[in-house]
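This is a predicted model, so every value here is computed, not measured.
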Amino acid sequence: MPDLTPERSWLEALEQGRFLLQRRASTGAFIFPPRVAEPRTGATDLEWVAASGAGVVHAVTVIAPRPPAAPYTVALIDLAEGPRVMGRVEGIAPDQVRIGLAVQARVSRIDGVPALLFTPREAEHA
């Protein structure tokens, strides 16, 4: 993916069903959203690596569209690697999604567009 912008590279990976993050090769620090250089240092030794997908809900909002559409959540997720991302939490009722809930990412589609979705980790919601 060298000829693509960082954002396009990330979206291409999602299209392929892969959740990737950028990591600085020299320090191991993860970066999100995708960039051409690390924000604080300007370092450009960034590489794409597979994300674990493990995370914890940092904040959540329940979206209640007009019926017949069902309510859904939009959450900020603190990833195990460090960055914070936004995504929907599915697999439990929207009013059950709480700050601190352990979740696992998966790549799916929303209205035909690749997106990160999160579900409660089994140990948390068994």
Side-chain angles (χ1 to χ4, degrees):
M1 298 187 228
D3 296 332
L4 300 174
T5 65
E7 181 181 5
R8 190 67 211 149
S9 294
W10 187 71
L11 293 171
E12 287 287 323
L14 286 181
E15 279 284 349
Q16 298 166 8
R18 299 181 305 143
F19 176 23
L20 301 179
L21 290 172
Q22 285 178 305
R23 178 177 66 191
R24 186 167 170 201
S26 60
T27 65
F30 286 89
I31 297 165
F32 190 87
R35 315 254 182 166
V36 294
E38 187 179 38
R40 289 176 287 281
T41 67
T44 58
D45 62 333
L46 303 177
E47 59 187 359
W48 289 101
V49 296
S52 70
V56 175
V57 173
H58 174 81
V60 63
T61 298
V62 176
I63 307 297
R66 291 181 182 257
Y72 62 92
T73 62
V74 175
L76 292 176
I77 308 293
D78 289 332
L79 296 174
E81 291 86 355
R84 183 173 289 158
V85 299
M86 185 182 300
R88 290 187 185 183
V89 178
E90 298 187 335
I92 61 174
D95 63 352
Q96 296 298 305
V97 178
R98 301 275 187 250
I99 293 170
L101 177 69
V103 292
Q104 183 65 42
R106 66 182 173 83
V107 178
S108 190
R109 293 186 171 273
I110 298 174
D111 298 328
V113 177
L116 279 181
L117 300 178
F118 293 86
T119 55
R121 279 197 237 139
E122 294 303 318
E124 279 285 323
H125 197 72

Atom pair CD1/NE2 of Ile99 and His58 - distance to nearest 0.5 Å = 7.5 Å
In this structure, CD of Glu12 is separated from CH2 of Trp48 (nearest 0.5 Å) by 11.0 Å
Consider only side-chain heavy atoms of I, L, V, M, F, W and Y, link residues closer than 4.5 Å, and tell whether Val74 and Leu14 are in one cluster.
-> no
Shared hydrophobic cluster, Ile110 / Leu116 (ILVMFWY, side-chain heavy atoms < 4.5 Å) | no
Passes side-chain contact (heavy atoms from CB on, under 4.5 Å), Ile77 versus Val57? Steps please.
-> CA-CA 5 Å; Ile77 308 293; Val57 173; 3.8 Å; yes
Val85 side chain near Leu76 side chain, heavy-atom distance below 4.5 Å = no
Taking all non-hydrogen atoms of both residues, which atom of Pro120 and which atom of Glu90 are closest, and how far apart?
-> CD-O, 3.3 Å
Treat each ILVMFWY residue as a node, draw an edge where side-chain heavy atoms are under 4.5 Å apart, and state whether Val62 and Met86 are in one component.
-> no
Report yes or no: does Trp10 contribute a side-chain atom to a donor-acceptor pair with the main-chain N or O of Leu21 at less than 3.5 Å?
-> no
Sidechain-backbone polar pair: Glu15 side chain, Pro114 backbone, donor-acceptor under 3.5 Å | no
Any chance CD of Glu7 has more than 12 other-residue heavy atoms, nucleotides or ligands included, within less than 6.0 Å?
-> no
The reported gap from CD1 in Ile31 to CD in Glu38 (rounded to nearest 0.5 angstrom) is 4.5 Å
Ala54 versus Arg121, closest heavy-atom pair with distance = CB-NH2, 3.7 Å
If you group Ile, Leu, Val, Met, Phe, Trp and Tyr by side-chain heavy-atom gaps below 4.5 Å, do Val56 and Leu101 land in one group?
-> no
Quick one: do Val60 and Phe118 end up in the same hydrophobic cluster if we chain Ile, Leu, Val, Met, Phe, Trp and Tyr together by side-chain heavy atoms under 4.5 Å apart?
-> yes
Test side-chain contact (heavy atoms from CB on, under 4.5 Å) on Val97 and Val103 and set out the steps.
-> CA-CA 10 Å; Val97 178; Val103 292; over 6 Å; no
Which pairs with one or both residues in residues 47-64 pass salt bridge (Lys or Arg N to Asp or Glu O under 4.0 Å), sequence neighbours excluded?
-> Arg23-Glu47
Grab the two heavy atoms, one from Pro65 and one from Pro71, that are nearest each other, plus how far apart they are.
-> CD-CA, 3.9 Å
Return the minimal non-hydrogen interatomic distance between Ser52 and Ala80, and the atom names on each side.
-> OG-CB, 4.0 Å
Nearest 0.5 Å, what's the CG-OG distance between Leu46 and Ser26?
-> 9.0 Å
Which pair of heavy atoms, one from Ala37 and one from Gly42, lies closest together, and at what distance?
-> CB-O, 3.6 Å
If you look at every heavy atom in Leu117 and Ser108, which pair is closest and at what distance?
-> CD1-CB, 3.3 Å
OG1/Thr44 to CZ/Arg24 distance, rounded to the nearest 0.5 angstrom?
-> 8.5 Å
Please collect all side-chain hydrogen bond (donor to acceptor under 3.5 Å, both in side chains) contacts where either partner lies in residues 61-73, sequence neighbours excluded, each pair once.
-> none
